[in-house]
Amino acid sequence: MSRHILILIIMLSGLIIGQVTSSSIQTDREWKEYTSVQKIELISLSNYLYENKLYDQAILSFFQYIYRYPGDSLEPLAYYYIGRCYEESFQPQLAIEYYEKIRTNSLTDTKLNQLAEYRSGISEILINNDTEVYDLTVGEIDPYLLTLRGLVEFRAMRWSDARQSFQAAEASFNDTYYSKLPSCIGN
């Protein structure tokens with residue numbers, strides 16, 4: 001009789017352990033689904049705040065994302081939007097810091113890296129840091145960077161240098177729309 005009880009106890013313990021293991025796996029699966037939904041909701045909230053020009057709240061939301069999901073593939077993009085929020089909040093020096101985080105990250109997408117470079121140049125212009133813009137644009141053929149250089153030259157009233165930068169940018173854009181516009185600087 002005790003042998004039957006022992007076998008019964010072993011079978012019941014096996015069932016209980018199996019249920020605990022399967023419920024543990026199910027809980028893990030449900031938790032991963034829950035956290036992925038939270039991640040998507042946080043991204044959506046951050047984008048909503050940014051697009052509705054609630055920059056201070058958007059900055060907090062993007063920082064929350066970076067804190068909750070460190071090393072995530074969207075982290076550089078969160079840094080970009082933090083920089084944009086600072087730029088839109090008239091804090092270009094802080095914006096530059098976050099654009100630099102993108103530019104120094106070797107894992108960052110090259111297009112995002114290029115975009116951070118453009119925005120960094122714009123922020124440097126906003127704080128009148130012309131030497132940084134010159135350093136950024138020296139020897140460049142990128143039309144956006146040439147335009148930034150032209151803006152700095154224009155602000156410094158070096159008309160011929162500004163015109164040369166703008167014309168080089170126009171040629172790089174290769175779009176006749178800009179060529180047809182009336183010139184404000186004489187030929």
Side-chain angles (χ1 to χ4, degrees), residues 39-175 178 184-185:
K39 181 179 175 181
I40 292 167
E41 286 177 349
L42 187 54
I43 291 169
S44 296
L45 172 66
S46 302
N47 285 333
Y48 172 82
L49 293 170
Y50 174 78
E51 290 186 8
N52 286 288
K53 301 179 183 185
L54 302 168
Y55 300 119
D56 292 337
Q57 293 92 334
I59 289 170
L60 291 174
S61 185
F62 283 116
F63 275 128
Q64 187 177 26
Y65 178 83
I66 291 169
Y67 176 76
R68 283 189 181 175
Y69 307 102
D72 187 69
S73 63
L74 295 178
E75 186 176 330
L77 192 59
Y79 283 134
Y80 171 77
Y81 278 108
I82 290 170
R84 287 290 292 130
C85 288
Y86 278 130
E87 195 177 321
E88 294 293 335
S89 300
F90 305 106
Q91 299 178 54
Q93 192 63 46
L94 289 171
I96 292 167
E97 283 183 41
Y98 287 93
Y99 296 142
E100 285 303 312
K101 284 182 185 270
I102 296 167
R103 294 175 64 205
T104 57
N105 184 347
S106 62
L107 300 176
T108 303
D109 176 280
T110 55
K111 289 186 184 215
L112 184 60
N113 202 342
Q114 188 68 46
L115 189 57
E117 186 175 34
Y118 297 153
R119 298 309 308 188
S120 183
I122 291 168
S123 294
E124 295 288 359
I125 287 173
L126 292 174
I127 59 173
N128 297 318
N129 197 352
D130 294 349
T131 43
E132 279 296 320
V133 177
Y134 281 125
D135 291 345
L136 181 68
T137 61
V138 69
E140 283 291 335
I141 58 169
D142 183 305
Y144 295 102
L145 295 176
L146 288 171
T147 302
L148 293 178
R149 186 178 190 93
L151 289 170
V152 170
E153 299 285 6
F154 190 79
R155 184 170 54 197
M157 292 188 243
R158 291 188 288 269
W159 311 121
S160 63
D161 292 340
R163 183 168 189 253
Q164 187 179 9
S165 290
F166 290 138
Q167 285 177 335
E170 177 187 1
S172 293
F173 275 122
N174 196 21
D175 191 341
Y178 298 103
C184 63
I185 301 174

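All figures in this text were calculated on a predicted structure; none of them were measured in a lab. Only this structure's heavy atoms are used, side chains among them; waters, hydrogens and symmetry mates stay out.
Y48 meets the ring-ring contact (aromatic ring centres under 6.0 Å, His included) test with no other residue; sequence neighbours excluded. Take Y86 and apply the side chain to side chain donor-acceptor pair (under 3.5 Å) test, not counting sequence neighbours, and it matches no residue.
Judged purely by distance below 3.5 Å, without hydrogens or angles, the side chains of N47 and Y81 never pair a donor atom with an acceptor atom. Side-chain N/O atoms of Q114 and E117 include a donor and acceptor closer than 3.5 Å.
Other residues, nucleotides and ligands place no more than 12 heavy atoms under 6.0 Å from the OH atom of Y144.
Pairing each heavy atom of Q91 with each of L94, the nearest pair is OE1-CD1, 2.9 Å. Among all heavy-atom pairs drawn from C85 and A58, the shortest one is SG-CB, 3.7 Å. What you find for N113 and I102 is that their closest heavy atoms are CA-CG2, 4.2 Å. Between L146 and S172 the shortest heavy-atom distance is CD1-OG, 4.2 Å. Between Y99 and S123, the shortest heavy-atom contact is CE1-OG, 3.7 Å. Closest approach of Y65 to E75, counting heavy atoms only: CE2-N, 4.5 Å.
Between atom CD of residue E87 and atom OG of residue S89 there is a gap of 10.0 Å, rounded to the nearest 0.5 Å. Atom OH in Y79 sits 9.5 Å away from atom OG1 in T104 (nearest 0.5 Å). Considering CZ of R103 and CZ of R119, their distance stands at 13.5 Å, rounded to 0.5 Å. The structure places CD1 of I43 at 8.0 Å from OH of Y69, a figure rounded to the nearest 0.5 Å. Put simply, CG on L145 and CG on L136 are 5.0 Å apart, with the number rounded to the nearest 0.5 Å. Rounding to the nearest 0.5 angstrom, the gap separating the CG atom in D142 from the OG1 atom in T147 is 8.5 Å.
Formation of a donor-acceptor pair under 3.5 Å by the R84 side chain with backbone atoms of Y50 is not found in this model. The backbone N or O of Q57 sits nowhere less than 3.5 Å from a side-chain atom of S61 that would complete a donor-acceptor pair. Distance alone, capped at 3.5 Å, places no donor-acceptor pair between the E170 side chain and the F166 backbone.
With a 4.5 Å cut-off on side-chain heavy atoms, E124 and L148 do not count as touching. Within the 4.5 Å cutoff, side-chain heavy atoms of I96 are placed close to those of I127. Using a 4.5 Å cut-off on side-chain heavy atoms (C-beta onward), V133 and L151 make no contact.
Under the side-chain contact (heavy atoms from CB on, under 4.5 Å) test applied with L49, the options I59, L54, D56 reduce to a single match, L54.
Taking the six-membered ring where tryptophan is involved, the planes of W159 and F154 are perpendicular, since the angle between them exceeds 60° and thus also 30°.
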